[in-house]
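Atom set for the values below is all heavy atoms of this structure, side chains included, hydrogens, waters and symmetry mates excluded. These numbers were taken from a predicted model, which means no experiment stands behind them. Read the numbers this way: they start at 1 and go in the same order the structure lists the ligands and their atoms.
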Amino acid sequence: MDLSGNLARHELVNCLKGEGPDRNLFDAADTVLRKRVGPTVYLRGLVEISNKCRKNCFYCGLRKDNNSISRYTIPFEEIVDCLESGYSKGLRSFLLQSGELLGKRHIELIERVLKWSMSNLPDVKMVLSVGELRFEEYDRLLHAGAHRYLLRIEASSPELYSKYHPPDEIHSYQARLKNLEYLRNSGWQTGTGVLIGLPGQTEEDLADDLLFMRDMDIDMIGMGPYIENRKTPLWERMNELPSTDDRILLTLRMIALSRLLMPRVNIAATTALQTVSSDGLERGLLAGANVVMPNLTPPAYRENYNLYHGKAFVGDTFEEIIENLNRRSRSIERIVDISNPGDPLHFSDRMQVQQEESNEKQ
Ligand code: 5AD
Ligand code: SF4
């Protein structure tokens, strides 16, 4: 099989089923990575600012109806302390993540943190992953200093999406899609992604997810294996799950195929992948990922940000985490550039095309 960027759907399916040697797939992705984006690994310091959520996704431990976790929102001062401390150690990109909340106070908190960062942390790129908001709120947050937004489509097929979400208005697939399109068209560096290895999901579904992300022209990808959580409705479908090893392999194949189909996007080696595989970091990077998100959330809050069981925890102090990342990246001939904000090259390509198109129209 020709592992160039023009893979057809049936070829994607074959790769996802492991019908060709994985070595060839990962090597092809590595070659494309080195040629098209380079060997650098970029970091985003992750702060999980709140674990409150208005939604009830069937797979997620933060779902509203899970009352077995204590809910928190980190106060402004503590959030900026985390950012300042990461900044002083060299980080230049931060990800603020939370469940989905539409309250005024939540947006105001995020806006305040962004404005503070703009004034106090020169040259940082702020990333948001706080769910679906109102369109004017995206504009407001962009204006307040954010640059990137991650909104996973979770499952790009509307049918499959409806199996993992309650059938009501706030879990509408169409709304999610519209939000993603809005973000992509309004100046945000835009990321999306899917869950991999959900009960009932097929390789064909995943191939369609890849084509969806390519056709959406997105700039960043964050996707990882689905990890079961006893406190969620999907726990009941445990017996339909692929084995952990299969979910790991599927994730690595998805990363490699993403790199082949979308050479210039940023792809994360996610915490979920690192949770299910002790060498998930190395394997993710070797399959074509180029972003890692070290967790800066203060430990007291972190233990309540449980999307799933057994979230990976590497090292205690920030220094240990970075040292660990450096050593492990070097061992596979990759270099962590801690102070590089790491814009997705795909975004500048996309902006250039947009510019050329608008010039042509004039
Ligand atoms: N396993 C893996 N990832 C999960 N997420 C939510 N629940 C799980 C789970 N059980 C992911 C979703 C969401 C992100 C914040 O975490 O994709 O977008
Ligand atoms: Fe909330 Fe996101 Fe979890 Fe859904 S996946 S319940 S929106 S935190």
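For ligand 1, the polar-atom distance check against Tyr59 finds a nitrogen or oxygen pair separated by under 3.5 Å. At under 3.5 Å, a nitrogen or oxygen of Ile227, whether backbone or side chain, sits near a nitrogen or oxygen of ligand 1. Considering backbone and side-chain atoms together, Gln97 places no N or O closer than 3.5 Å to any N or O of ligand 1.
Given atom 3 (N) of ligand 1, the protein heavy atom at minimum distance is Leu195 CD2, 3.2 Å. In terms of protein heavy-atom proximity, atom 14 (C) of ligand 1 is closest to Arg152 NH1, 4.0 Å. Looking at atom 8 (C) of ligand 1, its nearest protein heavy atom turns out to be Tyr308 CD2, 3.8 Å. Given atom 16 (O) of ligand 1, the protein heavy atom at minimum distance is Leu307 CD1, 3.6 Å.
Separating the CD1 atom in Ile218 from the CZ atom in Arg152 is a distance of 12.0 Å, to the nearest 0.5 Å.
Looking at Pro225 against ligand 1, only its backbone comes within 4.0 Å, counting heavy atoms. Within the 4.0 Å heavy-atom criterion, neither part of Leu62 lies near ligand 1. Contacts with ligand 1 closer than 4.0 Å are made by side-chain heavy atoms of Glu154 only, the backbone lying farther away. Residue Asn229 does not touch ligand 1, judged by heavy-atom distances below 4.0 Å.
Met262 and Phe347 sit in two unconnected hydrophobic clusters of ILVMFWY residues. Membership requires side-chain heavy atoms under 4.5 Å apart, directly or through other members.
For the residue pair Asp208 / Ser156, no side-chain donor-acceptor distance below 3.5 Å is found, with atom types taken as modelled. Judged by distance alone, the side chains of Ser50 and His106 never bring a donor and an acceptor atom under 3.5 Å apart. For the 3.5 Å distance criterion, the side chains of Asn56 and Asp65 qualify, holding a donor opposite an acceptor.
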Which is it for Lys55 and Glu100 under the salt bridge (Lys or Arg N to Asp or Glu O under 4.0 Å) test, yes or no, and what are the steps along the way? CA-CA 7 Å; Lys55 281 194 170 166; Glu100 184 171 306; 3.1 Å; yes
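Looking only at distances, a side-chain donor or acceptor of Arg334 sits under 3.5 Å from a matching main-chain atom of Pro39.
Screening residues 118-153 for ring-ring contact (aromatic ring centres under 6.0 Å, His included) gives Phe135-Tyr182, Tyr138-Tyr149, Tyr149-Trp188 as the qualifying pairs, with residues at least two apart or on separate chains.
Shown here are the protein N/O/S atoms lying under 2.8 Å from atom 4 (Fe) of ligand 2, water excluded: Cys57 SG.
Residue Lys163 qualifies as open at atom NZ: its count of foreign heavy atoms under 6.0 Å is 12 or below. Other residues, nucleotides and ligands place more than 12 heavy atoms under 6.0 Å from the CD atom of Glu181.
Not a single heavy atom of Ser129 sits under 4.0 Å from any atom of ligand 1.
Considering only heavy atoms from C-beta on, Phe318 comes within 4.5 Å of Leu91 through its side chain.
Protein heavy atoms come within 4.0 Å of atom 7 (S) of ligand 2.
Members clustered with Leu198: Phe58, Tyr59, Leu160, Tyr164, Leu195, Tyr226, Leu234, Trp235, Met238, Leu241, by chain and number, using a 4.5 Å side-chain heavy-atom cutoff among hydrophobic residues.
For Asp217, the side-chain hydrogen bond (donor to acceptor under 3.5 Å, both in side chains) partners are His346, not counting sequence neighbours.
Atoms of ligand 1 found under 4.0 Å from any heavy atom of Cys60, numbered from 1 in the order shown, are 6 (C), 7 (N).
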